[in-house]
Amino acid sequence: MGLDIGSGLIKVVVIDHGKREPRITKVVIVPLMADAIVEGEIMDPGIVSEAIAAALVEAGVTTKEVVVAVGGRDVIIKKIQIERVKEHQARELMRWEAEQHVPFDMESVELDFQILDPDATGPQMQVLLVAAKRELVESKMRVLGEAGLEPSLVDVEAFALHNAFALNHPDALTGMVALLNIGHEVTNINILDDGVPILTRDITVGTRKFREDLQKDWGLSLDDAAALLQGYDKTKALDAVVAVRGEDIIAGIDRAISFLETNARNGGALRTMFLCGGGSRIPGLDDLLGQRLGIAIEHANALGNLHVMDGALDGLVADEIAPLLMLPIGLALRQNQ
Ligand SMILES: Nc1ncnc2c1ncn2[C@@H]1O[C@H](COP(=O)(O)OP(=O)(O)OP(=O)(O)O)[C@@H](O)[C@H]1O
Ligand SMILES: [Mg+2]
């Protein structure tokens with residue numbers, strides 16, 4: 001069971017790993033009350049754990065084990081090179097290495113790492129280091145505990161997005177492509193070079209800001225504004241808001257791309273950008289991104305290569321919710337080691 005505690009929507013995806021191919025057996029999406037999570041921080045743990053518990057009841061699952069993820073600015077992902085040593089020695093070295101690479105107080109972080117080239121023999125080895133502020137992990141644990149759940153694994157959001165994307169878009173794993181996940185509060189950009197994630201950044205714009213602009217600047221009610229963002233039609237108000245807020249997203253993408261141009265091995269020429277997240281459904285936003293960035297835009301399909309069991313999407317419209325499911329599917333794809 002993958003659980004994505006988004007700031008706008010809580011998503012539960014259950015995957016059966018019993019057969020040769022993973023099969024989705026249940027998807028549940030429940031809204032979260034406004035301001036329960038702000039800028040990635042859980043402001044009201046009671047409301048969040050109640051919403052999770054309600055989602056579990058709706059999903060009809062009895063398992064207590066769940067995969068969740070942490071992300072945002074309190075998580076650092078870094079590829080480093082160190083002298084080649086055995087795994088257990090690497091574990092001892094890592095705290096010292098992390099001190100050089102992670103701008104957090106070492107007393108208050110959770111660290112993990114993966115040797116990326118364990119079979120190579122050179123004097124140096126590539127290591128992927130992840131550090132997360134302990135408070136971030138612990139606050140998530142508390143909320144899960146209150147909802148009666150036990151996390152079997154705490155993933156990193158960027159990795160889960162990448163895993164679901166790679167399964168559904170194997171064709172996109174050559175050259176330089178980007179995955180843009182436009183959420184309620186945050187837009188994450190992940191850039192892959194031949195399928196290897198080389199850059200991940202958060203842009204603090206999501207559907208919430210689009211909706212607030214429609215309310216403030218155009219006098220729409222909350223419900224009308226929300227409906228417009230999830231609909232299929234363009235209006236004058238929507239076009240105007242997309243033009244302004246879209247530029248905020250483009251500015252963030254430009255920053256990421258210029259970082260690549262100075263750091264990536266082939267100058268960072270992006271081939272295609274794939275969109276996901278609730279914000280990817282905003283009418284006209286895809287066209288704006290394509291025009292302004294001058295690259296091909298495609299909509300990623302989180303369900304493209306997965307078998308969905310009958311009844312798994314009861315009451316949901318597949319095309320309208322698939323864009324929201326990239327992260328929770330990536331979580332549910334993880335199996336316990
Ligand atoms: N079918 C849908 N049902 C509900 N909301 C939708 C739908 N399609 C698009 N949306 C929009 O997408 C938003 C939620 O997107 P998403 O689930 O990607 O964000 P989140 O994960 O909750 O937020 P974040 O990642 O920023 O914490 C909603 O706030 C709404 O504006
Ligand atoms: Mg999200």
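Note that this is a predicted model, so its numbers are computed, not measured. Both counts, for ligands and for their atoms, begin at 1 and track the order of listing.
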J.: Counting only nitrogen or oxygen atoms and a 3.5 angstrom limit, does L229 reach ligand 1?
T.: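 No.
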J.: Contact between K11 and ligand 1, counting heavy atoms under 4.0 Å?
T.: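 Yes, K11 has heavy atoms under 4.0 Å from ligand 1.
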J.: With only distance considered, is E185 within less than 3.5 Å of ligand 1 through an N or O on each side?
T.: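 Between E185 and ligand 1 (N or O atoms, distance only) the closest approach is under 3.5 Å.
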J.: Under 4.0 Å from any heavy atom of R281, which atoms of ligand 1 are there?
T.: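 Those of ligand 1 that fall under 4.0 Å from R281 are 1 (N), 2 (C), 7 (C), 8 (N), 9 (C).
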J.: Would R281 pass as a cation-pi partner of Y232, given that its NZ or CZ must be under 6.0 Å from the six-membered ring centre and within 45 degrees of the axis?
T.: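 Flagged: R281 positioned over aromatic ring of Y232.
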J.: Backbone N or O of E39 within a donor-acceptor pair of the E185 side chain at under 3.5 Å?
T.: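 Checking the backbone N and O of E39 against the side chain of E185, a donor-acceptor pair under 3.5 Å is found.
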J.: When you measure from atom 25 (O) of ligand 1 to every protein heavy atom, which one gives the shortest distance, and what is it?
T.: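 Result for atom 25 (O) of ligand 1: G183 CA, 4.0 Å.
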J.: Is D117 salt-bridged to R84, going by a charged N under 4.0 Å from an acidic O?
T.: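 Yes, charged N to carboxylate O under 4.0 Å.
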J.: Nearest to atom 23 (O) of ligand 1, what protein heavy atom do you find, and at what distance?
T.: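 For atom 23 (O) of ligand 1, the nearest protein heavy atom comes out as H184 N, 2.9 Å.
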J.: Identify, for atom 1 (N) of ligand 1, the protein heavy atom at the shortest distance, and state residue, atom and that distance.
T.: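 Protein heavy atom at minimum distance: E320 O, 3.1 Å.
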J.: Keeping to residues at least two apart or across chains, list the side-chain hydrogen bond (donor to acceptor under 3.5 Å, both in side chains) pairs with something in residues 156-172.
T.: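 For residues 156-172, and leaving out neighbouring residues, there are no side-chain hydrogen bond (donor to acceptor under 3.5 Å, both in side chains) pairs at all.
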J.: For ligand 1, which atoms sit closer than 4.0 Å to a heavy atom of G277?
T.: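 Result: 18 (O).
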J.: For atom 28 (C) of ligand 1, what is the closest protein heavy atom, and at what distance to 0.1 Å?
T.: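 So the nearest neighbour among protein heavy atoms is T207 OG1, 3.9 Å.
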J.: What I want to know is whether V186 and ligand 1 share at least one N or O pair that is separated by under 3.5 angstrom.
T.: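 Yes, at least one N or O pair falls under 3.5 Å.
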J.: At a 4.0 Å cut-off, with the gap strictly under it, does some heavy atom of L9 reach an atom of ligand 1?
T.: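 A heavy atom of L9 does come that close to ligand 1.
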J.: Determine yes or no for a side-chain-to-main-chain donor-acceptor pair under 3.5 angstrom, with D202 supplying the side chain and N188 the backbone.
T.: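 Here the side-chain-to-backbone pair does not exist.
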J.: Within a distance under 4.0 Å of any heavy atom of S7, pick out the atoms of ligand 1 and give their elements.
T.: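 Within the 4.0 Å cut-off of S7, ligand 1 contributes 20 (P), 22 (O), 23 (O), 24 (P), 26 (O), 27 (O).
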J.: Are the side chains of L285 and I182 in contact, using a 4.5 Å heavy-atom criterion?
T.: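 I182 reaches L285 side chain to side chain.
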J.: Would you mind checking if E87 and R91 are paired as a salt bridge, meaning a charged N to carboxylate O distance below 4.0 Å?
T.: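 Yes, R91 and E87 are salt-bridged.
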J.: Tell me, which protein residue and heavy-atom name are nearest atom 4 (C) of ligand 1, and how many Å apart are they?
T.: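 For atom 4 (C) of ligand 1, the nearest protein heavy atom is Q230 OE1, 3.5 Å.
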J.: Cation-pi check for F104 against R134: NZ or CZ below 6.0 Å from the six-membered ring centre and within 45 degrees of the axis, yes or no?
T.: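 Ring-cation test returns no.
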J.: Around D310, counting heavy atoms of other residues, nucleotides and ligands shown, do more than 12 lie under 6.0 Å from its CG?
T.: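 Not more than 12 within 6.0 Å, no.
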J.: Give the residue and atom name of whichever protein heavy atom lies nearest to atom 9 (C) of ligand 1, and the separation in Å to one decimal.
T.: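 Answer, as residue, atom name and distance: G278 O, 3.4 Å.
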J.: Using a strict 4.0 Å cut-off to heavy atoms of G6, name the atoms of ligand 1 that fall inside it.
T.: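 Answer for ligand 1: 20 (P), 21 (O), 22 (O), 27 (O).
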J.: If you measure from the Lys or Arg side-chain nitrogens to the Asp or Glu carboxylate oxygens, is any gap between D248 and K209 under 4.0 Å?
T.: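 No, this pair does not count.
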